[in-house]
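To keep things clear, I will list the structure first and then write my remarks on it.
Every chain is numbered from 1 and lettered A, B, ... according to where its sequence line falls, protein lines coming before strand lines.
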2 protein chains.
Amino acid sequence: MDDKARVILDEKAKVLKALGHPTRLFIVEELARGERCVCELVKLVGADFSTVSKHLTLLKNAGVVQDDKRGQMVYYTLRVPCILRFMDCIESVIVSGSCK
Amino acid sequence: MDDKARVILDEKAKVLKALGHPTRLFIVEELARGERCVCELVKLVGADFSTVSKHLTLLKNAGVVQDDKRGQMVYYTLRVPCILRFMDCIESVIVSGSCK
DNA sequence: TACATATTTGGCAATATAACCAAATAATGA
DNA sequence: TCATTATTTGGTTATATTGCCAAATATGTA
């Protein structure tokens with residue numbers, strides 16, 4: 001494997017790893033319904049403000065979400081909606097273990 | 001969130017987490033080309049036999065691959081090919097940050 | 001049986017993650 | 001300016017992950 005392929009592999013793994021945590025996956029699925037400020041996500045997740053903020057930073061660094069500060073609030077949106085189409089496949093893994 | 005939704009969320013995160021490691025992602029992409037025995041994967045990955053074996057066990061527990069022992073060799077196959085279609089999307093995250 | 005090969009398992013050390021609290025920063029309104 | 005709200009950052013601790021080595025297990029062959 002050459003350097004370039006290695007970098008791409010690492011980047012892809014980074015995205016998947018970012019999605020591979022229940023709280024972060026929950027956030028992504030919630031953002032699929034529209035933009036949310038951090039305070040809304042904190043309420044929904046039920047964890048500390050700092051915890052949610054760090055999860056969002058990680059998702060942002062992986063390229064999954066983007067933020068937009070308006071006033072005192074920071075709104076997050078899903079940057080790559082195609083990720084959601086993946087979820088049907090992932091669910092098929094846990095339900096039947098097979099997919100088309 | 002109710003109990004059932006929580007379990008599903010955890011399971012989905014588990015699958016994504018399993019894919020979220022460069023070596024395991026490499027293995028998955030290699031298995032996409034056909035079944036491979038552990039020894040072949042060891043050569044390709046370039047890590048210890050035990051290391052590769054543990055990655056495979058983790059992928060199996062997540063439901064991503066399945067194994068088939070024939071003689072002394074254990075052959076692994078991808079259980080959910082739809083995962084591969086996801087990769088285009090993941091690549092679009094790292095390239096442009098957007099996808100259809 | 002003895003030996004070689006393929007694989008898994010157990011154990012350990014290094015590193016990475018996750019969650020909380022407290023403090024820092026930034027924007028708003030009195 | 002001062003206080004309040006929203007968010008991030010730093011620090012700490014507990015837990016989880018990763019990778020290697022050595023040992024155990026299983027199968028095939030002489």
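- Taking the nucleotide of DNA chain C with the nearest heavy atom to each of A:Gly20 and B:Asp67, the more 5' of the two is matched to B:Asp67.
- No contact: B:Tyr75 has no heavy atom under 4.0 Å from any strand.
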Would you give a per-nucleotide map of nucleotides 25-30 of chain D, 5' to 3', where B means the base has a protein non-hydrogen atom under 4.0 Å away, S means only the sugar-phosphate does, and - means neither? -SBS--
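- Distance alone, capped at 3.5 Å, places no donor-acceptor pair between the B:Arg36 side chain and the B:Leu41 backbone.
- Look at CG on A:Leu25: it is 13 Å from P on C:dA18, rounded to the nearest Å.
- Panel note: side chain A:Arg24, backbone A:Ala18; a donor-acceptor pair is recorded below 3.5 Å.
- For the pair A:Leu16 CG and D:dT17 P, the computed distance is 16 Å after rounding to whole Å.
- Within residues 27-55 of chain A, the residues that have a heavy atom under 4.0 Å from DNA chain C are, in order of number, A:Ala47, A:Asp48, A:Ser50, A:Thr51, A:Lys54, A:His55.
- By the 4.5 Å heavy-atom criterion applied to side chains, A:His21 and A:Phe26 are not counted as neighbours.
- Between the NZ atom of A:Lys17 and the P atom of C:dA18 there is a distance of 8 Å, given to the nearest Å.
- D:dA16 atom C1' lies 14 Å from atom NZ of B:Lys14, rounded to whole Å.
- In this structure, A:Glu40 contributes its side chain and A:Cys37 its backbone to a donor-acceptor pair below 3.5 Å.
- Under 4.0 angstrom from either OP1 or OP2 of D:dA16 there lies no side-chain N or O belonging to A:His21.
- Closest to the side chain of A:Val74, from the set D:dG19, D:dT18, D:dT8, is D:dT8.
- A salt bridge links A:Arg6 with A:Asp10: the closest approach of a Lys/Arg side-chain nitrogen to an acidic carboxylate oxygen falls below 4.0 angstrom.
- Per the geometry, CG belonging to A:Asp68 stands 17 Å off P belonging to D:dA6, to the nearest Å.
- If you take CZ of B:Arg24 and C1' of D:dA16, they are 12 Å apart, rounded to a whole angstrom.
- The two residues A:Gly20 and B:Leu16 make their nearest non-hydrogen contact at CA-CB, 3.8 Å.
- Residue B:Tyr76 places no side-chain N or O under 4.0 Å from the OP1 or OP2 atom of C:dA6.
- Contact record, B:Val15 with B:Ala62: CG2-O, 3.5 Å, taken as the closest heavy-atom pair.
- The one candidate from A:Leu59, A:Thr77, A:Leu58 that meets the side chain to side chain contact (heavy atoms under 4.5 Å, CB included) condition with A:Val65 is A:Leu59.
- Atom pair A:Leu56:CG and C:dA19:C1' shows a separation of 15 Å (rounding to whole Å applied).
- At a threshold of 4.0 angstrom between heavy atoms, the contacts of B:Lys60 with the nucleic acid are absent.
- Each salt bridge (Lys or Arg N to Asp or Glu O under 4.0 Å) pair with one or both residues in residues 53-69 of chain A, not counting sequence neighbours, appears once here: A:Lys60-A:Asp67, A:Asp68-A:Arg70.
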